[in-house]
Amino acid sequence: MVLTINAGSSSIKFGLYEECSSPEKTFGGQINRIGLPGSRLSYTNFRTNHNADTESKSMDYVSAVTFLVSWLEKQINFSEINAIGHRVVQGMAHTKPAMISTELLDELKLIIPYDPDHLPVEIALIEAFQKYHPRIPQYACFDTDFHAGMPRVAQLLPVPRRFDQRGIRRYGFHGLSYSYLLQELESQVGKQALMVRIILAHLGNGASVTAVYDGKSMDTSMGFTPAGGLPMSTRSGDLDPGVAWLMIQTENLSAERFNHLINHESGMLGISQTTGDMNDLLKQQHNDIRSAEAVALFCYQVKKWIGAYAAVLGGVDILVFSGGIGENSPEIRARICDGLEFLGISLDASRNDENEPLISLNESRVMVKVISTNEELMIAQIVNKMLVHKQLLES
């Protein structure tokens with residue numbers, strides 16, 4: 001069995017998979033709304049079809065890690081688990097999945113300042129499982145892997161060269177999600193689908209857009225950290241450096257305080273002043289101008305990135321919506337696509353309202369699809385391949 005752990009910006013997802021070439025999920029769930037009121041634990045035992053969804057007291061990430069490891073001890077038999085796979089957001093120089101060693105863990109700790117909002121909790125989860133189950137090998141599956149082959153021009157940042165030599169460049173994220181979406185797109189449409197111009201929009205609490213050609217990442221909206229690109233639930237997205245300087249000066253912000261402001265107090269939450277949750281914003285938009293402006297800005301910025309990546313690719317043949325917002329909000333998809341008819345994007349309102357897999361009109365030049373992402377399955381597949389490779393080397 002393979003246990004997968006996926007720590008996101010406001011959730012920790014987990015899954016238990018059969019160890020085979022096509023891993024089947026037997027148990028899984030998630031802790032949602034970490035750091036927010038109304039944290040929830042939900043899970044399903046797929047063997048018995050038993051599921052539960054309970055609200056718990058608000059948890060920060062430190063308590064969520066402790067709670068999850070302790071809770072899993074009571075739910076699954078760790079003696080059956082042969083490996084644990086982790087989503088690791090920032091890999092820096094690591095462009096391939098790797099078994100977690102003391103050396104790799106030390107390297108990840110060194111680059112915590114480059115991703116202080118993801119690496120600490122990912123490392124905490126790794127160390128927690130090491131402590132209680134030291135015999136089980138653990139693997140890091142890097143989100144940055146998918147974008148490692150981006151053209152050099154898409155990686156460069158316009159700052160002095162000495163920063164590039166320190167590894168400060170555009171890396172891109174959501175790589176496990178994008179790998180899965182391409183795999184699923186090939187399954188649904190055929191291998192020829194990967195040979196064309198594709199724009200993938202992973203829209204959730206963390207959100208990004210990626211341009212793909214011939215199955216390879218050409219550019220992506222997130223840059224050196226997951227705070228770049230689109231405005232998100234609580235992250236600012238791209239920000240004028242002059243605004244950053246002014247904020248630091250006028251409010252006398254420390255580096256830590258500024259980082260918290262950009263990652264946890266900005267985005268839709270910053271604009272609405274009430275919530276960064278898209279469902280809540282959509283409910284409030286008709287009675288609250290701030291919520292309405294937050295929704296409008298999100299849709300506007302996604303539309304801009306789609307237009308930009310159509311320019312990068314020389315057009316677009318397939319547009320895919322995914323992530324919690326992209327998969328479940330017909331209104332957001334419609335507002336993003338409104339006005340993009342000049343690119344050949346035409347939605348079928350009925351299909352879109354029903355969240356059908358294909359939401360474009362039959363005569364639309366661009367195929368527009370909704371695909372539920374599955375980062376945990378990608379982790380399980382990656383770890384399974386690594387276990388098979390390890391066995392071959394040892395035989």
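This chain uses plain numbering: 1 for the first residue, then up along the sequence. Note: hydrogens, waters and symmetry copies are ignored here, and every other heavy atom, side chains too, is used.
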Nearest-0.5 Å distance, CG of residue Asp117 to OG1 of residue Thr234: 8.5 Å

Out of curiosity, Phe298 CZ to Leu281 CG, how far, rounded to the nearest 0.5 Å? 10.5 Å

Return yes if some donor-acceptor pair links the side-chain N/O of [X] with the main-chain N/O of [Y] below 3.5 Å, else return no.
| X | Y | result |
| --- | --- | --- |
| Thr250 | Leu246 | yes |
| Ser364 | Met367 | no |
| Thr373 | Gly323 | no |
| Arg333 | Glu327 | yes |
| Thr44 | Phe46 | no |
| Ser42 | Asp53 | no |
| Gln273 | Gly270 | yes |
| Arg235 | Pro226 | yes |
| Thr144 | Gly91 | yes |
| Arg87 | Ala7 | yes |

Is there a path of hydrophobic side-chain contacts, each under 4.5 Å between heavy atoms, that joins [X] and [Y]?
| X | Y | answer |
| --- | --- | --- |
| Val295 | Val209 | yes |
| Ile371 | Ile359 | no |
| Ile81 | Trp71 | yes |
| Leu125 | Phe78 | yes |

Between [X] and [Y], what is the ring plane arrangement, given parallel below 30°, perpendicular above 60°, and tilted in between?
| X | Y | answer |
| --- | --- | --- |
| His202 | His174 | parallel |
| Phe224 | Tyr171 | tilted |
| Phe27 | Tyr43 | tilted |
| His260 | His264 | tilted |

pair Met232-Met222: side-chain heavy atoms closer than 4.5 Å: yes

With a 4.5 Å cut-off on side-chain heavy atoms, are Lys369 and Gln188 touching? yes

Does atom CZ (Arg161) have a neighbourhood of more than 12 heavy atoms from anything else shown, all under 6.0 Å? no

State plainly whether the residues [X] and [Y] are in salt-bridge range, i.e. N to O under 4.0 Å.
| X | Y | value |
| --- | --- | --- |
| Lys131 | Glu127 | no |
| Arg47 | Glu24 | no |
| Asp214 | Lys216 | no |
| Asp277 | Lys283 | no |

Once side-chain hydrogen bond (donor to acceptor under 3.5 Å, both in side chains) is applied, do any residues pair with Thr220, and if so which ones, sequence neighbours excluded?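 Only Thr210 meet the side-chain hydrogen bond (donor to acceptor under 3.5 Å, both in side chains) criterion with Thr220.
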
Heavy-atom pair with the smallest gap, counting every atom of Leu176 and Cys141: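 Here Leu176 and Cys141 meet closest at CD1-O, 3.9 Å.
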
Minimal non-hydrogen separation, Pro23 against Leu377, with atom names: O-CD1, 3.7 Å

